[in-house]
Amino acid sequence: MNEQTLLVVDDEAAIRDMLATSLELAGFRVLLAEDAMQALVQIADHAPDLVLLDWMLPGTSGIELARRLKREAATAELPVIMLTARGDEDNKIQGLDAGADDYVTKPFSTRELVSRVKAVLRRSSPLGGEQPLDCGGLVLDPVSQRITAHGQPLSLGPTEFRLLAFFMAHAERAYSRQQLLDQVWGSGVYVEDRTVDVHIRRLRKSLEPHGFAGLLQTVRGTGYRFSQQGLQE
């Protein structure tokens, strides 16, 4: 069974109940809220793994709530899927620009929604497991989200953490910038390929004092690779 918790925020009780039933059958624990205020209380009390957020909420709209969640440090990394009847491109871009990780247009099949939820959760937790990863003394624990270098704590920003987590879980394989954007940032995010270069430089700078910068290798004509052979060079 999947023990991840989802928060469904929708002012229509019938839709909340339908989504709760479908998501619970898929193995998720489901929390419910009918407006932004209830949603914030549920998030504070239960720390869900993902929020399914209706655009048209009474009072504070879904899009305003998404912006607030992405603006505050405690919830900036909380994945959000927008649910809306607005299907034109401008609205999709507005939702994604507000920080939504995906966008599902009503009416939708519950099978499609469950599939999208699982895809977003995979992207937001690129390790896909709970066992610590160790590369020559660089240890990343996905459960506590702590990193140590030769036993010393290593502090990284959230994007650098996800990037390192993905690389350590997929060592020795070269990835293009676009592949890294899809896997670490998410395929619905509108950012430039060179964004990857900026975060690679930041990650290398953090790893360099501990002797691990060489793990991140540039692959000409392709992108980047994480290889333990870099420790031997």
Side-chain angles (χ1 to χ4, degrees), residues 1-86 91-92 94-106 108 110 113-128 130 141-146 155-162 165 184-186 188-189:
M1 289 289 288
N2 194 319
E3 296 181 351
Q4 290 169 302
T5 300
L6 311 181
L7 172 61
V8 174
V9 188
D10 198 299
D11 62 322
E12 295 186 42
I15 293 179
R16 290 198 305 273
D17 293 342
M18 179 269 292
L19 290 175
T21 299
S22 300
L23 294 166
E24 286 170 352
L25 287 172
F28 295 101
R29 176 176 178 242
V30 181
L31 306 171
L32 301 175
E34 64 181 32
D35 57 30
M37 185 65 68
Q38 287 187 10
L40 290 171
V41 172
Q42 292 279 42
I43 291 169
D45 289 347
H46 301 286
D49 296 289
L50 180 145
V51 177
L52 289 162
L53 180 58
D54 184 44
W55 183 302
M56 299 294 290
L57 293 176
T60 302
S61 69
I63 197 75
E64 291 171 339
L65 178 57
R67 290 194 184 101
R68 176 174 175 175
L69 292 175
K70 296 299 181 179
R71 187 169 60 244
E72 297 183 2
T75 53
E77 300 302 315
L78 177 61
V80 174
I81 297 180
M82 296 296 301
L83 307 176
T84 177
R86 303 182 176 190
N91 288 126
K92 289 182 179 179
Q94 187 178 351
L96 294 170
D97 284 347
D101 297 86
D102 203 352
Y103 189 107
V104 181
T105 304
K106 300 177 181 178
F108 50 80
T110 54
L113 182 63
V114 168
S115 178
R116 286 176 177 261
V117 165
K118 290 179 178 178
V120 170
L121 286 171
R122 282 196 303 271
R123 294 199 299 265
S124 64
S125 181
L127 286 172
E130 296 187 351
D141 186 338
V143 177
S144 65
Q145 294 203 355
R146 291 190 176 96
S155 179
L156 295 178
T159 300
E160 283 73 36
F161 179 91
R162 293 199 307 272
V184 178
W185 280 260
V189 179

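Below, each value reflects all heavy atoms present in this structure, side chains not excepted, and no hydrogens, waters or symmetry copies.
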Taking side chain as C-beta onward, heavy atoms only, is R68 less than 4.5 Å from T60? no
Is a side-chain N or O of S61 found less than 3.5 angstrom from the main chain of E64, in a donor-acceptor match? yes
For a 4.5 angstrom cut-off between non-hydrogen side-chain atoms, does D54 reach V9? no
Heavy atoms of R146 and F161 approach each other most closely as N-CE1, 4.5 Å
About how many Å separate CE of M37 and CG of L65, when rounded to the nearest 0.5 Å? 10.5 Å
Closest non-hydrogen atom pair, A33 against A39: CB-N, 3.5 Å
Y103 side chain near R116 side chain, heavy-atom distance below 4.5 Å: no
Using side-chain heavy atoms (C-beta onward) and a distance below 4.5 Å, is M18 in contact with T110? yes
Do the charged groups of K70 and D101 touch, with an N to O distance under 4.0 Å? yes
F28 vs V8 side-chain heavy atoms within contact, under 4.5 Å: no
Between V184 and R162, which heavy-atom pair has the shortest distance, and what is it? O-NE, 3.3 Å
With side chains defined as the heavy atoms from C-beta onward, is the minimum distance between I43 and L31 less than 4.5 Å? no
Do the side chains of L53 and L7 get nearer than 4.5 Å, heavy atoms only? no
Any donor-acceptor pair under 3.5 Å linking the side chain of Q42 with the backbone of L32? yes
In short, V120 meets P79 closest at the heavy-atom pair CG1-CB, 3.6 Å
Quick one: CG on L57 to CD on Q38, what's the gap to the nearest 0.5 Å? 10.5 Å
Looking at CG of D35 and CG of D10, how far apart are the two atoms once the value is rounded to the nearest 0.5 Å? 11.0 Å
Please step through side-chain contact (heavy atoms from CB on, under 4.5 Å) for the pair L52 and L23, ending with a clear verdict. CA-CA 11 Å; L52 289 162; L23 294 166; 3.5 Å; yes
Would a 4.5 Å heavy-atom cut-off, applied to side chains only, mark L6 and L19 as touching? no
Here the pair of heavy atoms bringing P58 nearest to E34 is CD-O, 4.1 Å
